[in-house]
*Asks:* 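Just dropping this structure here.
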Amino acid sequence: MKDQLTFYAVGDIGLYSDDYYHYFEDVKPVLSKGDLVFGQLESVLSENLSLSSCTRMGCSSEPRCLEAIKDAGFDVLSFASNHALDYGRAAFIDTLNNIRNAGLYLTGAGENEEAARKYPIIDVDGTKIAILGFGSVLPQGFWAEEARPGVNPARGITAYVPVEHDQPGTPCRVYTFPHPDDLKRMQKDIKEAKQKADLVFCSFHWGIHFKEAVITDYERYYAHFAIDAGADMVLGHHQHILKPVEVYNGKAIFYGLGNFCMEDVLNFKKDQELKGQDMKSSKSHKEMMEISDAFKTTTRSFPMDCYLTMIVKAVIKDKKVARVSYLPAYLPVSAKTYICKTDDPRFNEVIEYEKKITKEMELDPDIFKVVDDEVVIVE
């Protein structure tokens, strides 16, 4: 039995290439040494593609990319993606089966509600680790029901409250809350998982995409309730941009891990052909770009800060999380993510960005401590 175990986690993975192995060439030497490695799968992996009526921008890749993902060191994928049913139920089921057949653990999605709520408990050299996956940003009908395939939901409810209720058309305050039924199910599943496993890690596909710093109320509620129920760490993604980090009751909450290996929008050529229009010039994409002024100055498909990223690292000793840190990383034009070292200007750029956005959300920016090539958060 090892004295300590290493768990790695990353954000969104969306690949489109003739050579899927090239994406991971620079990170494989690190990830392959991990005892358990987690990632969020963004795209549908099927050859059976037929656009859903709810699809705004399709996101797909070839099933064979799973060979490269597995080869890079990944063990567990969440498919609690807002793109999960972009191409209908058949392609969704294909993706679930392709993940399983590739020898990877699946979380966050299933053939019905019962299957979607199932989570792997992985025995890693004597330490049992449960990884639960949830999705918040779901088009209509994308969440699993009793007899409907879909994502394990952690939906948010939005309330718009007029600042001046007697003045029609004036601004509103926006409040968001966890969906009561989803929250109840989440708490129940975490508590049960904690009885079966030594550690429980929760993954959430949530938040406001592309918007610097901002985290919503419902994200904080879900994260805190998850830890109160027994979760040992919370891993957020979807926003395609790094988000603040919080330490709550001694447990790390990563509100957004950003893009990990993610092609630029214009490189998803099959999806554009199936929709019959260029994604970037489409009405829906232009409306989405209004979310952030950074779209006006970018030289790539996403705002430039969407290419700053990280790898979460948790050191596990005596069946407990002994240390949580992150490795600053960067996603270049080649989409070959690389880990930044201290002599790389990107190293400090990621750290300063995290401090800035964490402070903006009135969280503690002093939790970040640089030790060698890592940024330690909990120790």
*Asks:* Within a 6.0 Å radius of atom CD on Gln167, are there more than 12 heavy atoms belonging to other residues, nucleotides or ligands?
*Replies:*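 Enclosed.
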*Asks:* Assess the side chains of Tyr255 and Gln239: does a donor N or O sit below 3.5 Å from an acceptor N or O?
*Replies:*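 Note: Tyr255 and Gln239 side chains miss the donor-acceptor criterion.
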*Asks:* How are the rings of Phe74 and Phe260 set to each other: parallel, tilted or perpendicular (split at 30° and 60°)?
*Replies:*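 Geometry flag for Phe260 against Phe74: perpendicular rings.
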*Asks:* Please list all pairs meeting ring-ring contact (aromatic ring centres under 6.0 Å, His included) that have one or both residues in residues 162-198, counting only residues at least two apart or in different chains.
*Replies:*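 Listed once each, the pairs would be none.
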*Asks:* Quick check on Asp293: does its CG atom have over 12 non-hydrogen neighbours (other residues, nucleotides or ligands) under 6.0 Å away?
*Replies:*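 No, CG of Asp293 has 12 or fewer neighbouring heavy atoms, counting only those of other groups under 6.0 Å.
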*Asks:* Should Val370 and Val378 be counted in the same cluster of Ile, Leu, Val, Met, Phe, Trp and Tyr side chains packed under 4.5 Å apart?
*Replies:*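 In one cluster: yes.
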*Asks:* I need the single residue from Val37, Leu106, Ile69 that forms a side chain to side chain contact (heavy atoms under 4.5 Å, CB included) with Leu77. Which is it?
*Replies:*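 Per the side chain to side chain contact (heavy atoms under 4.5 Å, CB included) rule, the option paired with Leu77 is Ile69, out of Val37, Leu106, Ile69.
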*Asks:* Please confirm whether the backbone N or O of Val214 pairs with a side-chain atom of Lys243, one donor and one acceptor, at under 3.5 Å?
*Replies:*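 Checked: pair present.
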*Asks:* For Ser60, give me all partners under side chain to side chain contact (heavy atoms under 4.5 Å, CB included), at least two apart in sequence or on another chain.
*Replies:*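 Side chain to side chain contact (heavy atoms under 4.5 Å, CB included) list for Ser60, sorted by chain: Val44, Leu49, Tyr87, Lys270, Asp271.
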*Asks:* Could you list the residues that satisfy ring-ring contact (aromatic ring centres under 6.0 Å, His included) with His237, not counting sequence neighbours?
*Replies:*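 Result, ring-ring contact (aromatic ring centres under 6.0 Å, His included) vs His237: His205.
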*Asks:* Any side-chain heavy atom of Trp143 within less than 4.5 Å of one from Arg148?
*Replies:*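 A side-chain contact under 4.5 Å exists here.
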*Asks:* Test of understanding: with side chain to side chain contact (heavy atoms under 4.5 Å, CB included), list the residues that count as partners of Ala329, not counting sequence neighbours.
*Replies:*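 Ala329: side chain to side chain contact (heavy atoms under 4.5 Å, CB included) contacts with Thr309, Thr337.
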*Asks:* Can you tell me how far the CD1 atom of Ile253 sits from the NE2 atom of His224, to the nearest 0.5 Å?
*Replies:*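 One gets 4.0 Å once the value is rounded to the nearest 0.5 Å.
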*Asks:* Quick test of your reading of the model: are Lys2 and Asp125 salt-bridged, counting only N-O distances below 4.0 Å?
*Replies:*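 Salt bridge flag = no for Asp125 with Lys2.
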*Asks:* Heavy atoms, side chains only, cut-off 4.5 Å: are Phe7 and Leu199 in contact?
*Replies:*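 They are not in contact (no side-chain heavy atoms under 4.5 Å apart), so the answer is no.
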*Asks:* Does Arg300 reach the main-chain N or O of Pro332 with its side chain, forming a donor-acceptor pair under 3.5 Å?
*Replies:*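 Yes.
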*Asks:* Tell me whether Lys194 contacts the main-chain N or O of Asp198 through its side chain, where contact means a donor paired with an acceptor under 3.5 Å.
*Replies:*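 Indeed, once roles are kept as given, a pair shorter than 3.5 Å links the two residues.
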*Asks:* Check for a donor-acceptor pair, side chain of Asp318 on one end and backbone N or O of Lys320 on the other, with a separation under 3.5 Å.
*Replies:*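 Looks like no, no N/O pair under 3.5 Å.
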*Asks:* State which residues pass side-chain hydrogen bond (donor to acceptor under 3.5 Å, both in side chains) with Lys184; sequence neighbours excluded, sorted by chain then number.
*Replies:*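 With sequence neighbours excluded, Lys184 shows a side-chain hydrogen bond (donor to acceptor under 3.5 Å, both in side chains) to no residue whatsoever.
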*Asks:* Do the side chains of Tyr330 and Val350 get nearer than 4.5 Å, heavy atoms only?
*Replies:*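 Heavy-atom side-chain distance check fails, nothing below 4.5 Å.
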*Asks:* Do the side chain of Ser32 and the main chain of Gly73 share a donor and acceptor less than 3.5 angstrom apart?
*Replies:*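 Answer holds: no.
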*Asks:* Does any pair with a residue in residues 59-71 pass salt bridge (Lys or Arg N to Asp or Glu O under 4.0 Å), and if so which ones, sequence neighbours excluded?
*Replies:*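 Counting only pairs at least two positions apart or across chains, the salt bridge (Lys or Arg N to Asp or Glu O under 4.0 Å) contacts touching residues 59-71 are Lys28-Asp71, Glu62-Arg64.
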*Asks:* For Leu331 and Cys261, which heavy atoms make the closest approach, and how far apart are they?
*Replies:*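 Shortest heavy-atom contact: CD1-CA, 4.3 Å.
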*Asks:* With sequence neighbours left out, what residues match Phe210 under ring-ring contact (aromatic ring centres under 6.0 Å, His included)?
*Replies:*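 Listed in chain order: His240, Phe295, Phe302.
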*Asks:* Are any side-chain N or O atoms of Asn259 and backbone N or O atoms of Cys306, one a donor and one an acceptor, separated by less than 3.5 Å?
*Replies:*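 The answer is yes, because a donor-acceptor pair under 3.5 Å joins these two groups.
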*Asks:* In chain order, what residues pass the side-chain hydrogen bond (donor to acceptor under 3.5 Å, both in side chains) check against Glu111, with sequence neighbours excluded?
*Replies:*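 Arg100.
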*Asks:* Short question: side chain of Tyr222, backbone of Arg155 - any donor-acceptor pair under 3.5 Å?
*Replies:*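 Looks like yes, one N/O pair under 3.5 Å.
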*Asks:* Report yes if the side chains of Asp232 and Lys251 come closer than 4.5 Å at any heavy-atom pair, otherwise no.
*Replies:*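 Yes. Closest side-chain heavy atoms under 4.5 Å.
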*Asks:* Keeping Ser61 on the side-chain end and Leu45 on the backbone end, is there a donor-acceptor pair under 3.5 Å?
*Replies:*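 Judged by distance alone, no pair lies under 3.5 Å.
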*Asks:* In terms of hydrophobic clusters joined by side-chain contacts under 4.5 Å, are Leu138 and Ile157 together?
*Replies:*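 As far as the 4.5 Å side-chain criterion goes, Ile157 and Leu138 are not connected within one cluster.
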*Asks:* Is Thr158 reaching over with its side chain to a backbone N or O of Thr176, donor-acceptor style, under 3.5 angstrom?
*Replies:*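 Between the backbone of Thr176 and the side chain of Thr158 there is no qualifying donor-acceptor contact (under 3.5 Å).
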*Asks:* Is any side-chain N of the basic residue among Asp182 and Arg185 closer than 4.0 Å to the acidic one's carboxylate O?
*Replies:*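 Arg185 and Asp182: salt-bridged.
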*Asks:* Who pairs with Lys356 by side chain to side chain contact (heavy atoms under 4.5 Å, CB included), at least two apart in sequence or on another chain?
*Replies:*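 Side chain to side chain contact (heavy atoms under 4.5 Å, CB included) check on Lys356 returns Glu212, Glu360.
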*Asks:* Starting at NZ of Lys313, measure out to OG1 of Thr6 and round the result to the nearest 0.5 Å.
*Replies:*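 With rounding to 0.5 Å, NZ (Lys313) is 5.5 Å from OG1 (Thr6).
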*Asks:* Restricting to pairs with a member in residues 85-97, which pass salt bridge (Lys or Arg N to Asp or Glu O under 4.0 Å), not counting sequence neighbours?
*Replies:*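 Residue pairs passing salt bridge (Lys or Arg N to Asp or Glu O under 4.0 Å), neighbours aside: none found.
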*Asks:* Start with the C-alpha gap between Arg323 and Glu374, add the side-chain angles, then the distance that decides, and say whether salt bridge (charged side-chain N to carboxylate O under 4.0 Å, His left out) holds.
*Replies:* CA-CA 11 Å; Arg323 186 191 206 210; Glu374 301 178 22; 3.3 Å; yes
*Asks:* With a 6.0 Å cut-off (strictly less than), is the heavy-atom count around CG of Asp18, excluding the residue itself, greater than 12?
*Replies:*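 Counting other residues, nucleotides and ligands, CG of Asp18 stays at 12 neighbours or fewer.
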*Asks:* Looking at Asp372, I'd like to know if its CG atom is crowded, meaning that more than 12 non-hydrogen atoms belonging to other residues, nucleotides or ligands lie closer than 6.0 Å.
*Replies:*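 Count not over threshold, so no.
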*Asks:* Output the distance between atom CZ (Phe225) and atom CD1 (Ile190), rounded to the nearest 0.5 Å.
*Replies:*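 It comes to 11.0 Å.
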*Asks:* Is Val247 reachable from Met233 through a run of hydrophobic residues whose side-chain heavy atoms are each under 4.5 Å from the next?
*Replies:*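 Result: yes, single cluster for both.
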*Asks:* Applying side-chain hydrogen bond (donor to acceptor under 3.5 Å, both in side chains), name anything that partners Ser78, two or more places apart in sequence or on another chain.
*Replies:*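 If we apply the side-chain hydrogen bond (donor to acceptor under 3.5 Å, both in side chains) test to Ser78, skipping adjacent residues, the hits are Gln40.
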*Asks:* Please name all residues satisfying side chain to side chain contact (heavy atoms under 4.5 Å, CB included) with Ile121, sequence neighbours left out, ordered by chain then number.
*Replies:*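 For Ile121 the side chain to side chain contact (heavy atoms under 4.5 Å, CB included) partners, ignoring immediate neighbours, are Tyr119, Lys128, Ala130, Lys196, Ala197.
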*Asks:* Taking CG in Asp19 as the centre, count heavy atoms belonging to other residues, nucleotides or ligands within less than 6.0 Å. Is the count above 12?
*Replies:*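 Atom CG in Asp19 is packed in, count exceeds 12.
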*Asks:* Does any N or O in the side chain of Asp373 come within less than 3.5 Å of the main-chain N or O of Lys341, such that one atom is a donor and the other an acceptor?
*Replies:*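 No, the answer is negative, given that no donor and acceptor are paired below the 3.5 Å cut-off.
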